[in-house]
Amino acid sequence: MTTATATDFRYKTFDSAPSRILPQRIGRVLWLPMLLMALVAFAVGFILAIARADAIASGGAESTIASLNHVVPGFMFLGFASVFAAISFAIARILGEFRVGGGAVQQAAGAQVHALRMPGSAKLFIVGMMMAMMTLLAAVILHFVAAAAIAGGNASALANAETWAIQLEAVRRIGTAVYLLSISLGLATIVQVLRFQATRIRQIAG
């Protein structure tokens with residue numbers, strides 16, 4: 001079994017506990033609003049799904065059913081985008097707590113404070129999260145645009161409603177996959193921070 005040493009990590013040196021960096025401050029503020037937004041979007045999507053099922057069962061207008069077929073996934077994936085954002089921001093918040101808390105422990109021990117430089121996994125996590133969010137939000141917006149066109153009586157939009165739904169489903173799947181990949185990179189970053197802090201504690205104790 002090999003044990004990591006300080007030379008295995010790239011870190012910065014501080015005289016006191018470092019403050020949170022910008023992504024960590026943003027995550028600390030936004031994780032809860034994103035979670036609440038997800039709950040609201042899921043609730044609206046569920047209610048509209050019931051309305052669509054009722055329209056189908058009662059032989060409602062084709063345009064209404066086709067329009068709801070875009071509005072429902074629009075709200076549902078607004079919920080998914082929000083809950084994934086909440087998870088991502090929570091990861092950033094956790095990393096911020098490790099940064100500040102780890103620095104405070106080192107300072108209390110009377111040692112020079114070392115803080116891990118942003119790993120490559122963290123940078124890819126941020127980039128992936130932004131790309132995934134933009135992809136899902138683009139799909140949601142296009143769903144609402146299609147629904148508005150169908151509800152407005154556009155015959156061409158009604159004829160292409162199913163095709164658009166299939167195409168936007170592919171976009172949604174890509175966005176979801178990228179989001180999950182970025183979240184896994186965020187979790188890998190937490191593991192790396194824990195390894196660094198364990199190594200630093202052993203170094204101070206030695």
Colleague: Under the ring-ring contact (aromatic ring centres under 6.0 Å, His included) rule, what do F75 and F144 come out as? Steps first, then yes or no, please.
Modeller: CA-CA 9 Å; F75 274 104; F144 290 150; 5.2 Å; yes
Colleague: Any side-chain heavy-atom pair from P23 and I126 closer than 4.5 angstrom?
Modeller: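 When only atoms from C-beta onward are counted, I126 and P23 do touch, with a gap below 4.5 Å.
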Colleague: Between Y179 and S88, is there a side-chain heavy-atom distance shorter than 4.5 Å?
Modeller: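 The answer is yes, as the side chains (C-beta and beyond) meet within the 4.5 Å cut-off.
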Colleague: Would you say S67's side chain and A147's backbone share a donor-acceptor pair under 3.5 angstrom?
Modeller: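 Such a contact is found between S67 side chain and A147 backbone.
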Colleague: Are a donor atom and an acceptor atom from the side chains of R200 and Q106 found within less than 3.5 Å of each other?
Modeller: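 A donor-acceptor contact under 3.5 Å links the two side chains.
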Colleague: With heavy-atom distances below 4.5 Å as the criterion, would you say the side chains of Q167 and E169 are in contact?
Modeller: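 A side-chain contact under 4.5 Å is absent here.
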Colleague: May I ask you to test the L124-S182 pair for a side-chain heavy-atom distance under 4.5 Å?
Modeller: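 With C-beta onward as the side chain, the pair stays apart.
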Colleague: Could you tell me whether the side chain of L48 reaches within less than 4.5 Å of the side chain of L68, counting heavy atoms only?
Modeller: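 Yes. Closest side-chain heavy atoms under 4.5 Å.
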Colleague: Parallel under 30°, tilted from 30 to 60°, perpendicular over 60°: which one fits the rings of H143 and H70?
Modeller: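 Geometry flag for H70 against H143: tilted rings.
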Colleague: Judged by atom type as modelled, is there a donor-acceptor pair below 3.5 Å linking the side chain of Q107 to the main-chain atoms of Q112?
Modeller: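 No; zero donor-acceptor contacts below 3.5 Å.
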Colleague: Roughly how far, to the nearest 0.5 Å, is CZ of F9 from OG1 of T199?
Modeller: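 Here the interatomic distance stands at 4.5 Å.
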Colleague: Can you confirm whether more than 12 heavy atoms, excluding those of M118, are under 6.0 Å from its CE atom?
Modeller: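 Enclosed.
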Colleague: Any donor-acceptor pair under 3.5 Å linking the side chain of R25 with the backbone of R20?
Modeller: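 Yes; judged by distance alone, with no hydrogens or angles, the pair exists.
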Colleague: Quick one: pull up CG in L158 and CH2 in W164 and give me the separation to the nearest 0.5 Å.
Modeller: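 Going from the CG atom of L158 to the CH2 atom of W164 covers 9.5 Å.
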Colleague: Please check: side-chain N/O of T176 versus main-chain N/O of R172, any donor-acceptor pairing under 3.5 Å?
Modeller: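 Such a contact is found between T176 side chain and R172 backbone.
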Colleague: Judged by atom type as modelled, is there a donor-acceptor pair below 3.5 Å linking the side chain of N160 to the main-chain atoms of S156?
Modeller: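 Side chain of N160 to backbone of S156, a donor-acceptor pair under 3.5 Å: yes, one is there.
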Colleague: What distance separates L39 CG from M34 CE, expressed to the nearest 0.5 Å?
Modeller: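 The CE atom of M34 is 11.5 Å from CG of L39, to the nearest 0.5 Å.
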Colleague: Check whether any side-chain heavy atom of F125 lies under 4.5 Å from a side-chain heavy atom of L187, and answer yes or no.
Modeller: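 F125 vs L187: side chains apart.
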Colleague: Does any non-hydrogen side-chain atom of I94 lie less than 4.5 Å from one of I190?
Modeller: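 Counting from C-beta outward, I190 and I94 do come under 4.5 Å.
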Colleague: When rounded to the nearest 0.5 angstrom, what distance separates CD in Q197 from CD1 in I201?
Modeller: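 Interatomic distance, Q197 CD to I201 CD1, rounded to 0.5 Å: 6.5 Å.
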Colleague: Would a 4.5 Å heavy-atom cut-off, applied to side chains only, mark V113 and P18 as touching?
Modeller: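 When only atoms from C-beta onward are counted, P18 and V113 do touch, with a gap below 4.5 Å.
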